[in-house]
Amino acid sequence: MGSSRELKRIIATDCGSTTTKAILIEYVDGEFRQTVRGEAPTTVEKPLNDVTRGVLNAVTELEELARLKYDNPNIKFIKDNEILIMEDGVTGDTGVDAYVSTSSAGGGLQMMVTGVVARMTGESAERAALGAGAIVMDLIASNDKRANYEKIERIRNLRPDMILMAGGVDGGTTKHVAELAELVSAADPKPRLGSSFKLPVIYAGNTKAREAIKETLGDKVDLIITENLRPTLEVENLGPARDKIHDLFMEHVMAQAPGYNKLMSWTKGPVDGKISKIPIMPTPAAVGNIMQTIAKQNDIEVLGVDIGGATTDVFSVFTKEHIFNRTVSANLGMSYSISNVLATAGLKDILRWVPFEINESGLRNMIKNKMIRPTTIPQQLEELVLEQAIAKEALKYAFIQHKEFAVGLKGGQRKREISEAFSQSVSGETIVDMMSLDLLVGSGGVLSHAPRRNQAAMMLIDAFLPEGITRLAVDSIFMMPQLGVLAEISEKAATEVFEKDCLIYLGTCVAPVGKSKPDKVALTAHIELPNGEVFDEEIKFGEMRLLPCGVGETAKATLKPGRGLDLGEGKHQEVETELHGGVVGIVLDTRGRQPFELPAEASERVPLLKKWMKELKSYPEKILE
Amino acid sequence: MAQAYSPGLTVTESIVLRKERILPLKGKVLVKKGDKVKAEDVVAETKLPGKVVPLNLSNKLGITADMVNQYIKIKPGQEISKNDLIAETKGFLGLFKSQVRSPITGEVENISKITGQLLLREPRIPVNTKAFIDGIVVDVIEEEGVIVENKSAYIQGIFGIGGETIGEIKVLVDSPEAILEASKIDESCKDKVIVTGALATFDVIQKALKVGVKGIITGGIDDRDLKKLLGYDIGVAITGHEDIDITIVVTEGFGEIKMAQKTYNLLKNFEGHKSSIHGKTQIRAGVMRPEIIIPTEFTVEELGTQEAKMASLEIGTTIRVIREPNFGQIGKVTALPEKLTPVESETLVRILEAELEDGKRITIPRANVEIIED
């Protein structure tokens, strides 16, 4: 890791499938701050076919905005169509010390994984690939109930960027692992990009089966052997496989994508005082990097979501051991995949969040038009409300998938403590616990660019249904990828910017868990607000309240959930705590959890939606009348 | 200035087109550089590997995997016919022999000593690649395919379904905002590519299918009709492989939308001309839009492709509105204010000011327009 003291100015970009986002990080008054940002459409596709054009466009905007900000026409980041890196460090208005980048353009990293038992080694392989930032196109396992010929057809048709093969704990089955290798060999899969090289296959399974694997696949694919990712049922060792995935991502996948060879030669910065190449990271891997850093530094549980145009990624760090999980819902997104949200959730579930009438045909056409013209922005208020309703459903489904995936290791026998036995914690159960969650972070256009931050808070609450007391934040411009890769050259710069500029705290959500009736008290709240006022109310079930409490402010609160309801200390048990404010404030939500129910009849539901939206100040009054 | 807007779709009377016609796997190229080809001509052919049929011999014979070699009667690479003897155990005193016979005609791919698995492969499946456009072979990529060039009138659609097809253009409406009635489609439309105006209704598509129309070019299509036609909802925008006997190219979008006047005029001018069209759409990872290609006369000297460039948004640039309100309307940019400006939804965006064809002046997010090249 390089010394961050020498860094004065850094450019970081994230080349997404739609947009290339550039940020400028500067060392100002003794600290690192993110000062200017720019963006431009990604140009990895025809007609330009060169990712660096989009990067230059985004950096040009950065340059123009920096000139405006500092009223200095001499600022210059680009020279001869290349980002200008000052070998001897920045001294004047020209150039930068480092340029780093992440990428998910061109569909990101697409992988297929194999394992012997789908829910054991298969799942570990999936976790390794996802953690490395890949989209897992399919998991082929010995016990996945498909006939072998079907598996072969599937492997052949997939065209992944690479395959990760796991299976067998060390010393365990070799036959099943070898059989999977034979299926891969029979399918003779071709890589997605560039037909001139062999498909990379990483073997991270039973060490005893290595020779058999070499014999079966050695000639046909580019075989890389690494440590077993599940050496015993009780242990997962994902690191070595993940590292190999990253190496191959750079060497094979990136090198095939248009313009990436040039981009790879641009990403440089000082490491140990010398200008060195800084590898481009897959976007989700970079996000994982920064999220784990924060969870560890602050000892908290974090849940993050990035809802993009094509996919929705959910990241979480739960349990005392800071277990990291990432899932990708490859077909849930707000533009390319928006139509699939409609197909998954159904019209009824989307419309349950909409406080006005709209005909089906109009909505369907609007969704499809967004799909075919993914970069358009809702200009009309009604379209904004509709997009946000769709977002709630996309987020809800992505989170369901995450909960199903983020589980304890299955198949292992572990010693259980008495307390665990009582809490019925068993292997294979989700480790996502919304009650113990400390921080929920949203990002991606629909959350980060919501015209009102209150809308982002509303979307996060409605989609994730946080329980007990949870802080809410958005990554304003989805800076986490850039910070994740920046951490590779300066952890100090990355964490400083993260704390000061990346997260925008929305506030805190207080939501008692359980069910009650509308005429019953769900929450008795005594809250001393920072403006000197005291909020005292017995709030009935099915209500929402928004209290003012700004960024950096806290409010002392005594909160008692109603009968049958729980805020984390047990049913009907009082909680004394400090609530953190934010740009939205403190949200008290007594609409119930487990279950959270909305009336099926529009005549009952719409007035409630309007009441809650008014209380949260989500939309202008005119649309809620 | 940053390019915060969608690159427009190309609609032009004349463009030098270059089409790569590549086989899915390596094979044989049937034409040579300089050859004149017709759209229907096969330019390259190959054989795709047949389906793999796995057989677990050790299970079938009731022996361990390492014993399979002792009883096998065939070798990798060997051709076999259905019911040929593959393996046989010795049995007891020549009795109680277990036999395994081939379930297919094909080839032996592999015999595994580790798992006892035998892989057989069905015969290869021939596939070919056609030229798709009338033109000249300007390059041959050995064993892979060719590059064909021509000069064409050319329209990019926004969305489509169905694969490549060829047919004569027939305009069935007298204005770009008209909506075609199904009754106007008759036998004379067989094998033609018809133009339907602002909407292709479900009835129109059904009638076209019945008559044997090759393709439909329309301003808009209703998503409900599309779902009814395909029997499923299109989830992600990757199309072109639908199992239907017609190709549909949508030039503007979903819903009833007037076809751009320029597009309509071009199609009208080239009525009766042969066209090559496809509905293949992919909106991410290798953007592909449907195309309507109408080859025109040219000389070899006119060929040679132009370098791709991104049109820029300036005062006077012709734009099309691509989202409500005013969706589908054409206008000219009158101002490009730099400052972020709130629109009705309260979103802060970079905007532009424009005057629409009917004289109405609008303010619109730059992201909600696309450039129409004049």
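All values below come from the heavy atoms of this structure, side chains included, with hydrogens, waters and symmetry mates left out. Just so we're on the same page: letters track the sequence lines, and every chain starts at 1.
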Search all heavy atoms of [X] against all heavy atoms of [Y] and return the closest pair with its distance.
X: A:A212; Y: B:I114; value: CB-CD1, 3.4 Å
X: B:V52; Y: A:R156; value: CG2-NH2, 4.1 Å
X: B:L9; Y: A:R373; value: CD1-NH2, 4.3 Å
X: B:G235; Y: A:S339; value: O-CB, 3.2 Å
X: A:P620; Y: B:E346; value: CG-OE2, 3.3 Å
X: B:I322; Y: A:T376; value: CD1-CG2, 3.5 Å

Using heavy-atom distances under 4.5 Å, tell me whether [X] contacts chain A through its side chain, its backbone, both, or neither.
X: B:T239; result: neither
X: B:F327; result: side chain
X: B:V349; result: side chain
X: B:K26; result: neither
X: B:L348; result: neither

Q: Supply the atom-to-atom distance A:Q380 CD to B:T347 OG1, rounded to the nearest 0.5 angstrom.
A: 11.5 Å

Q: Quick one: pull up CG in A:N340 and CD1 in B:I234 and give me the separation to the nearest 0.5 Å.
A: 11.5 Å

I'd like to verify something: which residue of [options] has the highest number of heavy-atom pairs under 4.5 Å with chain A?
options: B:V250, B:T281, B:I364, B:N56; answer: B:I364
options: B:G255, B:P365, B:S345; answer: B:S345
options: B:G253, B:P54, B:S112, B:P325; answer: B:P325

Any side-chain heavy atom of [X] sitting closer than 4.5 Å to one from [Y]?
X: A:N148; Y: B:Q117; result: yes
X: B:F254; Y: A:R364; result: no
X: A:E360; Y: B:R224; result: yes
X: B:R323; Y: A:K370; result: yes

Is [X] close to chain B through its backbone or its side chain, or both, or neither, when contacts mean heavy atoms under 4.5 Å?
X: A:K151; answer: neither
X: A:E387; answer: side chain
X: A:L342; answer: side chain
X: A:I152; answer: side chain
X: A:P374; answer: side chain

Q. Does the pair A:L68 and B:E338 meet the rule for a side chain to side chain contact (heavy atoms under 4.5 Å, CB included), with working shown?
A. CA-CA 11 Å; A:L68 279 175; B:E338 281 288 319; 5.6 Å; no

(Q) A:K368 and salt bridge (Lys or Arg N to Asp or Glu O under 4.0 Å): which single residue from B:D222, B:D225, B:D233 fits? (A) B:D233

Q. If you tally heavy-atom pairs under 4.5 Å against chain B, which of A:H176, A:E182, A:E153 wins?
A. A:E182

Q) Any idea which of A:T174, A:I372, A:L384 has the most non-hydrogen atom pairs under 4.5 angstrom with chain B? A) A:I372

Q.
Distance alone, cut at 3.5 Å: any donor-acceptor contact between the side chains of B:E324 and A:N369?
A. no

(Q) Does A:K617 have more than 12 heavy atoms from other residues, nucleotides or ligands lying within 6.0 Å of its NZ? (A) no

Q | Heavy atoms of other groups near B:E122 CD, more than 12 under 6.0 Å | A | yes

Q) Sub-3.5 Å donor-acceptor pair from the side chain of B:T115 to the main-chain atoms of A:A178, do we have one? A) no

